[in-house]
There are 2 protein chains.
Amino acid sequence: MKLSLKLEYACRAMAQLGLVYGQCGLVHVDSLADNERIPPNYLVQILNDLRNAGLVRSRRGKSGGYALARAPEAISLREIIEVVEPDLLEDRVVGDGVCGETVANVWREIAASFCMSVDSYKLADLMPTGRVEMYYI
Amino acid sequence: MKLSLKLEYACRAMAQLGLVYGQCGLVHVDSLADNERIPPNYLVQILNDLRNAGLVRSRRGKSGGYALARAPEAISLREIIEVVEPDLLEDRVVGDGVCGETVANVWREIAASFCMSVDSYKLADLMPTGRVEMYYI
DNA sequence: GACATCTTGGGTTTTTCACTCATAAAGTGA
DNA sequence: TCACTTTATGAGTGAAAAACCCAAGATGTC
């Protein structure tokens with residue numbers, strides 16, 4: 001399963017936000033970037049996309065930062081993929097030539113089962129459960 | 001499901017070869033390329049890979065060409081992927097940061113289910129069943 | 001108003017994709 | 001043996017995408 005760095009970053013950042021969900025404090029980009037080893041400048045773009053999609057909310061200025069817009073159990077992995085790498089969910093098969101149709105049909109089935117799979121995973125499944133070493137700022 | 005052109009070409013070419021399996025004649029590259037709308041020069045490379053992997057056999061010179069090495073029912077979609085785009089089957093997750101581990105675990109599960117899925121599809125499933133318009137040379 | 005933080009848009013570097021082309025190797029038929 | 005046909009192989013190329021970096025602006029808090 002070839003997943004892009006961008007998608008992995010998004011999953012990790014969301015999981016990290018999930019860990020502090022309910023503590024009603026916002027997390028800074030730099031904090032997220034440090035904890036998950038993500039280039040800060042790149043993470044900003046990803047968080048921006050997630051915010052525009054309504055998965056994350058943010059505030060500017062001093063004591064600004066990011067937080068989940070919903071509970072980790074209410075956000076599916078599929079929603080994250082949809083924001084960051086929508087092509088992974090759509091089945092883009094050309095379907096040209098004599099066997100194009102049948103080949104495309106098979107891939108459509110495979111894609112459908114993949115979609116169902118990522119839809120059943122929730123953000124909570126991406127979060128570590130036990131005691132986690134975290135550095136709050 | 002974002003599949004590369006190369007993989008789709010491979011599926012279509014293999015399916016096309018499957019259609020003439022058992023007729024003990026070899027198919028030319030140009031014939032395959034025409035029937036499946038694939039750039040001939042590119043198709044040569046793909047067929048070469050498939051041959052090195054033992055999925056296809058070939059002969060040069062006049063009356064040369066390509067044919068399946070096994071029956072369409074005995075070749076799984078997974079084998080084709082393994083040759084043309086192996087990254088799709090391996091789960092390349094970095095797994096860095098605080099949530100890297102858990103995120104990687106989830107993707108491993110998803111990848112495993114994907115592998116099983118493509119393993120259950122056979123080349124025969126990619127071939128059109130009814131009467132097909134084909135131009136034999 | 002000073003400062004910290006998010007926001008936005010553009011730019012850059014590296015890699016991958018999807019080919020093309022030239023040349024070599026090998027088989028066929030005369 | 002020679003001409004011809006077909007596959008074999010490796011190098012090269014143009015465009016696009018991936019993975020970033022940076023700067024200037026907007027918006028908060030103190």
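Lettering follows sequence order; numbering is per chain, from 1.
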>> If you assign Glu85(B) and Pro40(B) each to the DNA chain C nucleotide with the nearest heavy atom, which residue ends up on the more 5' nucleotide?
In response: Glu85(B)

> OP1 or OP2 of dA8(D) sitting under 4.0 Å from any side-chain N/O of Tyr66(B)?
Replying inline: yes

>> Output the rounded distance in Å from CG (Leu7(A)) to C1' (dA19(D)).
In response: 14 Å

> Is a side-chain N or O of Arg12(B) found less than 3.5 angstrom from the main chain of Gly97(A), in a donor-acceptor match?
Replying inline: no

>> At less than 4.0 Å, is any side-chain N or O atom of Asn48(A) found next to OP1 or OP2 of dC6(C)? Yes or no.
In response: no

>> Under 4.0 Å between a side-chain nitrogen and a carboxylate oxygen: does that hold for Glu90(B) and Lys2(A)?
In response: no

> Taking the side chain of Ser63(B) as its heavy atoms from C-beta onward, which of dT28(C), dC21(D), dA18(C) lies nearest to it?
Replying inline: dT28(C)

>> So, does Arg51(B) get its side chain near the phosphate of dA8(D), meaning an N or O under 4.0 Å from OP1 or OP2?
In response: yes

> Is it true that a side-chain atom of Glu8(A) and a backbone atom of Val94(B) form a donor plus acceptor pair closer than 3.5 Å?
Replying inline: yes

> Side-chain N or O of Arg57(A) less than 4.0 angstrom from OP1 or OP2 on dC6(C)?
Replying inline: no

> Taking the side chain of Asn41(A) as heavy atoms from C-beta outward, which of dC22(D), dG27(C), dT20(C) is closest to it?
Replying inline: dC22(D)

>> For a quick test of reading the model: is some side-chain N or O of Ser58(B) closer than 4.0 Å to OP1 or OP2 of dA8(D)?
In response: yes

>> As a test of reading the structure: which of dT8(C), dT7(D), dC20(D) is closest to the side chain of Leu5(A), going by heavy atoms?
In response: dC20(D)

> Do Lys122(B) and Glu79(B) sit within salt-bridge range, that is, some charged N less than 4.0 Å from a carboxylate O?
Replying inline: no

>> At 4.0 Å (heavy atoms only), tell me whether Val29(A) reaches a base, stays on the sugar-phosphate, or touches nothing.
In response: sugar-phosphate

>> Could you tell me how far apart Leu43(B) (CG) and dT6(D) (C1') are, to the nearest whole angstrom?
In response: 14 Å

>> Less than 4.0 angstrom between a side-chain N/O of Tyr9(A) and OP1 or OP2 of dC20(D), yes or no?
In response: yes

>> Using only modelled atom types and a 3.5 angstrom limit, is any donor from either the side chain of Gln45(A) or the base of dT7(C) paired with an acceptor on the other?
In response: no

> Of all the nucleotides listed (dG28(D), dT7(C), dT6(D)), which has the minimum atom distance to the side chain of Lys62(A)?
Replying inline: dG28(D)

> For Tyr42(A) and dT12(C), what is the distance between atoms OH and P respectively, to the nearest whole Å?
Replying inline: 18 Å

>> In this structure, how many angstroms lie between the C1' atom of dT7(D) and the CG atom of Leu26(B), rounded?
In response: 11 Å

> Above 12 or not: heavy atoms from other molecules or residues under 6.0 Å from CZ of Arg37(A)?
Replying inline: no

>> Can you work out whether Leu47(B) or Pro39(A) has the more 5'-proximal nearest nucleotide on DNA chain D?
In response: Leu47(B)

> Whole Å only: how far is the CG atom of Asp49(B) from the P atom of dT7(D)?
Replying inline: 16 Å

> Rounded to whole angstrom units, what separation is found between the NE2 atom of His28(A) and the C1' atom of dC6(C)?
Replying inline: 10 Å

>> Hydrophobic clustering (ILVMFWY, side-chain heavy atoms < 4.5 Å, transitive) - are Leu26(B) and Val98(A) grouped together?
In response: no

> In whole angstrom, what separates Lys6(A)'s NZ from dT16(C)'s C1'?
Replying inline: 17 Å

> Rounded to the nearest Å, what distance is computed from the CG atom of residue Leu88(A) to the P atom of nucleotide dA17(D)?
Replying inline: 16 Å

